[in-house]
*Asks:* 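Here you go, one structure.
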Amino acid sequence: ISTRTHIAGFNFDNCIMNAAGVYDYSAEELDAVQQSAAATFVTKSATLVPREGNPEPRYCNTPYGSINSMGLPNFGLAYYLDYVSAAQRQVPGKTYFVSLTGFNVEEDIALLRQVQASDFEGIVELNLSCPNVPGKPQTGYDFEAVTRILEAVFDLYRAPLGIKLPPYFDLVHFDQIAAILNRFPLAYVNSVNSIGNGLCVDAAAESVLIKPKQGFGGIGGAYLKPTALANVFAFRQRLNSSIQIIGTGGVQNGTDVFEHILCGADMVQVGTVLHQEGVAVFERLTRELKAVMAQKGYGGIDEFKGRLKTL
Ligand SMILES: O=C(O)c1[nH]c(=O)[nH]c(=O)c1I
């Protein structure tokens with residue numbers, strides 16, 4: 001039974017990896033993912049210069065998942081490009097993802113120029129959905145901004161590039177954003193980022209759980225799965241077949257991975273469950289996915305990918 005997959009023409013031995021922002025901040029964390037059963041890694045979304053991020057506490061586990069308002073802490077794009085450059089030499093033939101995010105089109109372009117000037121041979125993930133920088137809206141909800149950014153990006157950048165989108169909650173919004181995305185040579189769309197600006201409360205302390213933004217933060221984990229599956233399924237039906245889909249959100253076990261692929265995902269990313277369980281989670285999820293496939297008689301993920309039945 002094989003859980004291998006392919007993205008942008010690159011082959012991967014597995015279809016499960018980390019979600020940007022989880023277990024990918026430092027070289028030590030990236031090493032741990034690199035040595036795990038994960039297909040590959042994506043780096044923490046990088047900015048032009050290093051950022052401290054928001055004041056702590058800025059992450060909290062909750063009964064059904066997590067809330068975070070990290071505020072884009074990262075060591076800067078150069079740090080991650082150096083790490084991936086070394087990884088490409090140490091493990092040639094493996095493809096890595098670098099996530100990046102600018103605060104405006106000019107910064108997005110500057111980041112991509114920096115990638116072009118490096119020896120990076122992998123896939124860029126442009127994050128259009130960070131919900132936690134005070135005063136900055138989630139770009140993915142501004143359709144004009146998304147159009148402007150992608151026009152500028154694809155004027156410049158010709159190597160494989162995907163985008164990380166926020167969750168949408170309206171079928172007309174799926175129609176509108178998909179019509180925009182279909183105009184561009186995107187390698188993939190990654191749906192979804194956390195549900196922005198949720199609020200979790202500690203009733204005993206009568207308090208919010210995290211410090212930034214009065215406790216408002218991105219919601220991840222089990223809460224997210226119905227929304228994540230809806231976005232994967234909606235985009236699979238609307239996007240050109242040349243645009244692949246990475247499914248992210250709410251995965252806790254092998255059946256959840258199976259569900260994302262059934263909805264149309266070519267790769268599945270995990271965040272909250274990885275944060276809570278550590279990199280051993282990749283071996284567990286892979287084993288559980290293979291058990292589901294064995295029980296159903298599937299030898300590879302293409303046999304059931306996108307085959308969700310409607311009634
Ligand atoms: O607060 C963050 O750093 C963060 N947190 C998220 O939940 N999603 C994101 O894309 C980001 I850039």
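Fair warning: this is a prediction, and the values are worked out from it, not measured in the lab. Just so you know, these numbers use all the heavy atoms, side chains as well, and skip hydrogens, waters and symmetry mates. We count ligands from 1, going down the list as the structure has it; atoms in each ligand are counted the same way.
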*Asks:* Below a 4.0 angstrom heavy-atom separation, can you tell me which part of Cys130, side chain or backbone, both or neither, approaches ligand 1?
*Replies:*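 Both backbone and side chain of Cys130 come within 4.0 Å of ligand 1.
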*Asks:* Strictly by modelled atom types, are Asn132 and Asn54 linked by a side-chain donor-acceptor pair under 3.5 Å?
*Replies:*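 Note: Asn132 and Asn54 side chains miss the donor-acceptor criterion.
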*Asks:* Quick check: Asn132 and ligand 1, any N/O pair under 3.5 Å apart?
*Replies:*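 Indeed, backbone or side chain, Asn132 has an N or O that close.
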*Asks:* Nearest 0.5 Å, what's the CD-OH distance between Gln176 and Tyr168?
*Replies:*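 Answer for the CD-OH pair, Gln176 versus Tyr168, is 10.5 Å.
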*Asks:* Using every non-hydrogen atom in the two residues, find where Ser45 and Ala20 come nearest and quote the distance to one decimal.
*Replies:*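 Nearest pair, atom of Ser45 first, then Ala20: OG-CB, 4.4 Å.
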*Asks:* Is the closest N or O pair between Gly218 and ligand 1 shorter than 3.5 Å?
*Replies:*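 So ligand 1 has no N or O lying under 3.5 Å from an N or O of Gly218.
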*Asks:* Please check if any side-chain donor atom of Asp202 sits under 3.5 Å from a side-chain acceptor atom of Ser207, or the reverse.
*Replies:*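 Their side chains do not contain a donor-acceptor pair, so the 3.5 Å distance test is not met.
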*Asks:* Using a strict cut-off of 4.0 Å, indicate which atoms of ligand 1 neighbour a heavy atom of Asn68.
*Replies:*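 With Asn68 as reference, the close atoms of ligand 1 come out as 1 (O), 2 (C), 4 (C), 5 (N), 6 (C), 7 (O).
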*Asks:* Side chain, backbone, both or neither: which applies to Lys44 and ligand 1 if a contact is any heavy-atom pair less than 4.0 Å apart?
*Replies:*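 For Lys44, only side-chain atoms sit under 4.0 Å from ligand 1.
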*Asks:* Any side-chain donor-acceptor pair under 3.5 Å between Gln276 and Asn61?
*Replies:*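 Side chains of Gln276 and Asn61: pair found under 3.5 Å.
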*Asks:* Check ligand 1 against Leu72 and write out every atom of the ligand that is under 4.0 Å from a heavy-atom position of the residue.
*Replies:*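 What qualifies from ligand 1 is 1 (O), 2 (C), 3 (O), 12 (I).
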*Asks:* With a 3.5 Å cut-off and no angle check, do the side chains of Lys225 and Gln252 form a donor-acceptor pair?
*Replies:*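 Side chains of Lys225 and Gln252: no pair found under 3.5 Å.
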*Asks:* Just say parallel, tilted or perpendicular for the rings of Tyr223 and Tyr64, cut-offs at 30° and 60°.
*Replies:*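 Rings of Tyr223 and Tyr64: perpendicular, as their planes differ by over 60°.
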*Asks:* Enumerate the atoms of ligand 1 whose separation from the nearest heavy atom of Pro131 is less than 4.0 angstrom.
*Replies:*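 Those qualifying, in numeric order: 6 (C), 8 (N), 9 (C).
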*Asks:* Any heavy atom of Ser194 closer to ligand 1 than 4.0 angstrom?
*Replies:*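 Yes, that is the case, since the closest heavy atom of the residue is under 4.0 Å from the ligand.
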*Asks:* Tell me the contacting part of Asn127 for ligand 1: side chain, backbone, both, or neither, using a 4.0 Å heavy-atom threshold, strictly below.
*Replies:*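 The answer is the side chain of Asn127.
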*Asks:* What are the atoms of ligand 1, with element, lying closer than 4.0 Å to any heavy atom of Asn193?
*Replies:*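 Selected atoms, number and element: 6 (C), 7 (O), 8 (N), 9 (C), 10 (O).
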